[in-house]
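Have a look at the structure below before the remarks.
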Amino acid sequence: MDHFLYRDGQLHAEDVALADIAAAVGTPFYCYSSATLTRHYHLFTEALSPLPHLVCFAVKSLSNLAVLRLLGSLGAGMDVVSGGEYRRARAAGVPGERIVFSGVGKTREEMRLALTGGIRQFNVESEPELRALSAVATSLGLTAPITIRVNPDVDARTHAKIATGKKENKFGIPIARAPEVYAEAARLPGVDVVGIDVHIGSQLTELEPFEQAYLKVADLTRALRAEGHDIRRLDLGGGLGIPYARSNSAPPLPLDYGALIKRTVGDLGCEIEIEPGRLISGNAGVLVSRVIYVKNGEDRDFLILDAAMNDLVRPSMYDAHHDIVPVTEPVPAGPVQPYDVVGPVCETGDTFAKARDLPMLAEGDLVAFRSAGAYGAVMASEYNSRPLVPEILVNKDHFAVIRRRPTFDEMLERDSIPEWL
Ligand SMILES: *Cc1c(COP(=O)(O)O)cnc(C)c1O
């Protein structure tokens, strides 16, 4: 459920008409709903209660400071994958004790940043990283709390670019080698083993792969404890999928996911961490765009929008589907016609949808891409020298610009021409 609904013939974000925001800030823009973000976060905390737990929002899915402040103020932790995301989480007011640091390529610089700034744990993904972290922590006279990310060799049955839990993926250490790596971690100075981490992929639409992975983690917990490791925390990753097309069958609910966690690892007495991104932010955001032209091609009609692949790359990068809806409510059961929905960027890949049935649209009309909150704005670029798309946060009947559109002067100022030219 989200808070983007038609009211009086106009698509609203909570109590604000998207057309009013478009009039104020121009198009395209991302718009997020505070109520939806809040609701989705609470679905997870409710699903995991009464287990001791921390829901760590995957910052990479939507990293705007205002969104992090909102979720952080509700009690959320953060899952960061770079020094930049760590800085964002801290700047949003999230204490280090609620931040977990994931990622296969943490630099020594990033380790120092998090160690001195405060960190809940590092999710270590390789032996070289483990040794580097031990050296960095020791040189600072500090101890790094760690989990080791294990790769359970489970097929997440999702898009190949976002599957992470198969042995051919770059993530984690093979679960069979875990005892060896934990033994080394226990011997190293400057690191304190606190638990196990696993994350098998993103946009999972079935619970079964999670079940396989978590059962393996439960077995590993018992095996490592038998060898004397104090496994007290399990980080079970993110990845729960969302419905991108209203017409499709819905992926599992957080409540069912929570029940699965309780069933598989709930009796181990561990504190549970999860790292959902998409399920919290995805359906909490839309991308609003205006039709520049309707171009009648030889065998199809093109809807040319002022949003493009640089603003929302998921369709061209992952063949992703986004529902596209007119901001002015169409007449129920009115006529539809197929459009190829495209942006202005000079690449054929700049296509959002092919032969998509939509109500008749005209130049100047507004459309909204649904489910665009996650991996939308964060993946935007200035390709074709198009300004980064601004972000808006709605709360009930008011909205705020939480990232403004840069001016062209600002964009040009970042370049410099050497004096010898
Ligand atoms: C991307 C990622 C997540 C979040 O995945 P979602 O599908 O957005 O829930 C969580 N943990 C790690 C380690 C990730 O890389």
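This one's a predicted model, so the numbers in the text were calculated from it and none came from an experiment.
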**Prompt:** Are any of the side-chain heavy atoms of Val291 and Leu305 separated by less than 4.5 Å?
**Reply:** yes
**Message:** Would you say that Glu273 contacts Val100 through its side chain, given a criterion of any heavy-atom pair below 4.5 Å between the two side chains?
**Reply:** yes
Quick one: does [X]'s side chain have a donor or acceptor within less than 3.5 Å of a partner on [Y]'s backbone?
X      : Y      : value
Glu85  : Val81  : yes
Ser289 : Ala307 : yes
Arg386 : Asp306 : yes
His159 : Lys161 : yes
Thr164 : Gly201 : yes
Ser134 : Pro189 : yes
Thr351 : Ala353 : no
Asp323 : Phe369 : no
Lys262 : Ala47  : yes
Asn151 : Phe171 : yes

Decide, yes or no, whether a salt bridge links [X] with [Y] under the criterion of side-chain N to carboxylate O below 4.0 Å.
X      : Y      : result
Asp219 : Lys216 : no
Glu271 : Arg232 : no
Arg120 : Glu97  : no
Asp319 : Arg314 : no

**Prompt:** With a 6.0 Å cut-off on ring centres, are Tyr339 and Phe302 close enough?
**Reply:** no
**Request:** Would you confirm whether the ring centroid of Tyr244 sits within less than 6.0 angstrom of the ring centroid of His322?
**Result:** yes
**Derivation and outcome, side chain to side chain donor-acceptor pair (under 3.5 Å), residues Tyr86 and Glu110** = CA-CA 9 Å; Tyr86 177 86; Glu110 289 173 320; over 6 Å; no
**Item:** Criterion side chain to side chain donor-acceptor pair (under 3.5 Å) on Arg149 and Ser102, from CA distance to verdict
**Value:** CA-CA 9 Å; Arg149 177 167 175 181; Ser102 302; 5.8 Å; no
**Item:** Residue from Arg404, Arg403, Arg405 passing salt bridge (Lys or Arg N to Asp or Glu O under 4.0 Å) with Glu391
**Value:** Arg403
Atom pair [atom1] ([X]) and [atom2] ([Y]), whose distance is rounded to the nearest 0.5 Å:
X      : Y      : atom1 : atom2 : answer
Thr264 : Glu211 : OG1   : CD    : 6.5 Å
Asp235 : Asp197 : CG    : CG    : 4.0 Å
Leu303 : Phe352 : CG    : CZ    : 10.5 Å
Leu268 : Ile231 : CG    : CD1   : 10.5 Å

**Prompt:** Could you go step by step and tell me if Arg7 and Glu14 meet the salt bridge (charged side-chain N to carboxylate O under 4.0 Å, His left out) rule?
**Reply:** CA-CA 10 Å; Arg7 201 193 290 171; Glu14 303 187 25; over 6 Å; no
Near [X] [atom1], under 6.0 Å, is it more than 12 heavy atoms from other residues, nucleotides or ligands?
X      : atom1 : answer
Arg108 : CZ    : no
Leu421 : CG    : yes
Tyr293 : OH    : no
Glu109 : CD    : no

**Item:** Candidate pair Lys166 and Asp155, rule salt bridge (charged side-chain N to carboxylate O under 4.0 Å, His left out), full reasoning
**Value:** CA-CA 6 Å; Lys166 285 287 286 174; Asp155 184 356; 5.7 Å; no
Check [X] against [Y] and note the closest heavy-atom contact, atom names and distance.
X      : Y      : result
Lys170 : Val104 : O-CG1, 3.6 Å
Val80  : Val59  : CG1-CG2, 4.0 Å
Cys31  : Ile21  : SG-CD1, 3.9 Å

**Prompt:** For Asn123 and Glu125, does a side-chain donor sit closer than 3.5 Å to a side-chain acceptor?
**Reply:** no
**Prompt:** Relative to each other, are the rings of Tyr30 and Tyr32 parallel, tilted or perpendicular (30° and 60° limits)?
**Reply:** parallel
**Request:** Provide the full list of ring-ring contact (aromatic ring centres under 6.0 Å, His included) pairs with a residue in residues 35-54, sequence neighbours left out, each pair given once.
**Result:** none
**Request:** Kindly determine whether Tyr182 and Arg177 satisfy side chain to side chain donor-acceptor pair (under 3.5 Å), including the steps that lead there.
**Result:** CA-CA 9 Å; Tyr182 273 88; Arg177 293 202 45 241; over 6 Å; no
**Item:** Step-by-step side chain to side chain donor-acceptor pair (under 3.5 Å) determination, Tyr383 to Glu347
**Value:** CA-CA 11 Å; Tyr383 188 38; Glu347 289 207 22; 2.8 Å; yes
**side-chain contact (heavy atoms from CB on, under 4.5 Å) involving Ala22 - partner list, sequence neighbours excluded** = Thr27, Phe29, Arg290, Leu366
